[in-house]
Novice: 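Here you go, one structure.
Here is the naming used below: chain letters follow the sequence lines, and residue numbers restart at 1 for every chain. Keep in mind the model is a prediction, meaning the values are calculated, not measured.
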Protein chains: 2
Amino acid sequence: MKAYKIPEATVQRLSIYSRHLAQLISEGVITVSSGEIARGVGVSSAQVRKDLAYFGEFGTRGVGYNVQELYSHVMRILGLNHTWNVMIVGAGKLGSALAVYKGFEDRGFKVRSVLDVSEQRIGQQLGDLVVESLAFLEDRVSRENIDIGIITVPAAAAQEVTDKLIRAGVKAILNFSPRVLKVPDSVVLRNVDLSVNLEVLSFNLSFGYNLK
Amino acid sequence: MKAYKIPEATVQRLSIYSRHLAQLISEGVITVSSGEIARGVGVSSAQVRKDLAYFGEFGTRGVGYNVQELYSHVMRILGLNHTWNVMIVGAGKLGSALAVYKGFEDRGFKVRSVLDVSEQRIGQQLGDLVVESLAFLEDRVSRENIDIGIITVPAAAAQEVTDKLIRAGVKAILNFSPRVLKVPDSVVLRNVDLSVNLEVLSFNLSFGYNLK
DNA sequence: TAGATTGTTAATCGATTAACAATC
DNA sequence: TAGATTGTTAATCGATTAACAATC
């Protein structure tokens, strides 16, 4: 546990910076300033420098940042310098969509296993994976070295699946079910609520202004 | 445009409060205090009172809040006291999953139309909807009184679809494509990045602590 | 009246922005 | 050296929390 805190907004912006830097690399840009990054992604240049300053000194005064180097640093900070092995539990519409979602693989998240309890779904082909029985959970977590579990089961089954994942050794969980999950402090949990996005839009439309 | 700003976090918490209040109603609870709501959803009681105070006085000193009344107020604040008509553009895996996602309908978001350009997808059944050609966009927006457009097309097509939706009269857009969209100030835009959630987990795992 | 809980103000905390010395 | 841009400190801004008068 570090002594200082890093704002979550900083981490989310680093993700945005890394995508922009990848774009600059593909355009053959060698050097970039905090101001150019800032204009590219719509934040202030002070914000860009401050975000980077949490993690080190990556630039050269008077010159700027080497695009390739900065990209490597940011990807390493985000932990995206290697592949994470992912298991999806729940092969309904949402789970299936996530299983074949290209955006994950592009960023180093490789879905190694998709499980479900339903006989109808077991055996179903999803890209180059086949949906397997939930009974294989423990075996697949250890065999495939699963780091992250994605939960897309109905709310009623979510805590039980969570417990199984944790017992099997998964260290992080992304929860799409509308259920508050209990996990030990050693496990990183993140909840995604798809409809809250629509609800914020609804609020904005009703109140007649953009938030923030 | 209001003179004071309401934190987005407040709006997201109101969404959480409303779900908890619905739960309390189903349990037959008549009166609730800010402290009980706070414990129920994991925030401070001052936070609950402050969030509500932006919008009015809904409680009785010394007593608390009438659950049914407070629920009605919060749902009205969020704009969820009526149905919003939604169009999904892009009937790939993600778009199809969202089209049949029960969580939306539960909160008053009714998917009225799903469009795609692909001949393979046009005609496909999704729940009680059929995927139609993108050529019908303008017609369906006006015929179905579409309020909100959800964009689940590839990045390359996202801006064009956005422009069409806006010309057709849509007032809010939820964008799942990894593309920065340009919209006029009068249109409310919200971007959802599914993989940023995994990236925050990745950062937490790499740095060995929970953020915030 | 005594006890409880709201609504609101003031204090605190944390994140963003502005400014500038360091330095290429 | 003159010009540019970083890294960092101080100022500002905004959100959360604590405290309490109002009041049921």
Novice: Evaluate the side chain to side chain donor-acceptor pair (under 3.5 Å) criterion for residues B:Arg179 and B:Gln159: first the C-alpha distance (whole Å), next the side-chain angles of each, then the deciding distance (0.1 Å), finally the verdict.
Specialist: CA-CA 8 Å; B:Arg179 163 64 57 98; B:Gln159 185 64 56; over 6 Å; no
Novice: Considering only D:dT9, D:dA15, D:dT5, which nucleotide approaches the side chain of B:Pro7 most closely?
Specialist: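 Among D:dT9, D:dA15, D:dT5, the one nearest the side chain of B:Pro7 is D:dA15.
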Novice: Considering only D:dT17, C:dC24, C:dG7, which nucleotide approaches the side chain of B:Gln47 most closely?
Specialist: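 Shortest atom-to-atom distance from the side chain points to D:dT17.
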Novice: What's the closest nucleotide to the A:Arg49 side chain, out of D:dC24, D:dT5, C:dC20?
Specialist: C:dC20
Novice: Which listed nucleotide (C:dT6, C:dT16, D:dT17) is nearest to the side chain of A:Ala9?
Specialist: C:dT16
Novice: Would you kindly give the CD-to-C1' distance between B:Gln12 and D:dA15, to the nearest whole Å?
Specialist: 14 Å
Novice: Whole Å only: how far is the CD1 atom of A:Ile6 from the P atom of C:dT16?
Specialist: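 From A:Ile6 CD1 to C:dT16 P: 13 Å.
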Novice: To the nearest angstrom, how far is A:Asn66 atom CG from D:dT6 atom P?
Specialist: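 Spelled out: CG on A:Asn66 to P on D:dT6 is 13 Å.
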Novice: Quick check for you: among C:dT17, C:dT8, D:dG7, whose closest atom lies nearest to any side-chain atom of B:Glu57?
Specialist: C:dT8
Novice: Where the side chain of B:Thr60 is concerned, which of C:dT9, D:dC24, C:dT17 is the nearest nucleotide?
Specialist: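 Between C:dT9, D:dC24, C:dT17, the one nearest the side chain of B:Thr60 would be D:dC24.
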Novice: Hey, are the side chains of A:Thr83 and A:Arg112 touching, using non-hydrogen atoms and a 4.5 Å cut-off?
Specialist: yes
Novice: If we call it a pair only when both distances are under 3.5 Å in a Watson-Crick or G-U wobble match, what pairs with D:dA18?
Specialist: C:dT9
Novice: Which whole-number value in Å describes the distance from A:Arg39 CZ to D:dT5 P?
Specialist: 9 Å
Novice: By the 4.0 Å heavy-atom rule, please label A:Ser34 as base, sugar-phosphate, or nothing.
Specialist: sugar-phosphate
Novice: Can you name the nearest heavy-atom pair linking A:Ser15 to B:Val196, along with the distance?
Specialist: OG-CG2, 3.8 Å
Novice: Using Watson-Crick or G-U wobble geometry with both distances under 3.5 Å, which nucleotide pairs with D:dT23?
Specialist: C:dA4
Novice: Nearest whole angstrom, please: distance from the P of C:dG7 to the CZ of B:Arg61.
Specialist: 7 Å
Novice: Starting at atom CG of A:Asp51, determine the distance to atom P of C:dT17, rounded to an integer number of angstrom.
Specialist: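 Going from A:Asp51 (CG) to C:dT17 (P), I get 10 Å.
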Novice: Whole angstroms only, please: what is the NZ-P distance between A:Lys5 and C:dT16?
Specialist: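 A:Lys5 atom NZ is separated from C:dT16 atom P by 16 Å.
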Novice: Which is more 5' along DNA chain C, the nucleotide nearest B:Phe58 or the one nearest A:Ala46? Just name the residue.
Specialist: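 The residue closer to the strand's 5' end, by nearest nucleotide, is B:Phe58.
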Novice: Taking B:Gly90's backbone N and O only, do any of them form a donor-acceptor pair with B:Thr152's side chain (distance below 3.5 Å, no angle check)?
Specialist: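 Side chain of B:Thr152 to backbone of B:Gly90, a donor-acceptor pair under 3.5 Å: yes, one is there.
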Novice: Please report, rounded to the nearest Å, how far the C1' atom of C:dG7 is from the OH atom of B:Tyr54.
Specialist: 14 Å
Novice: Would you say the rings of B:Tyr101 and A:Phe176 are close, in the sense that their centroids are separated by under 6.0 Å?
Specialist: no
Novice: OP1 or OP2 of D:dA4 sitting under 4.0 Å from any side-chain N/O of A:Tyr65?
Specialist: no
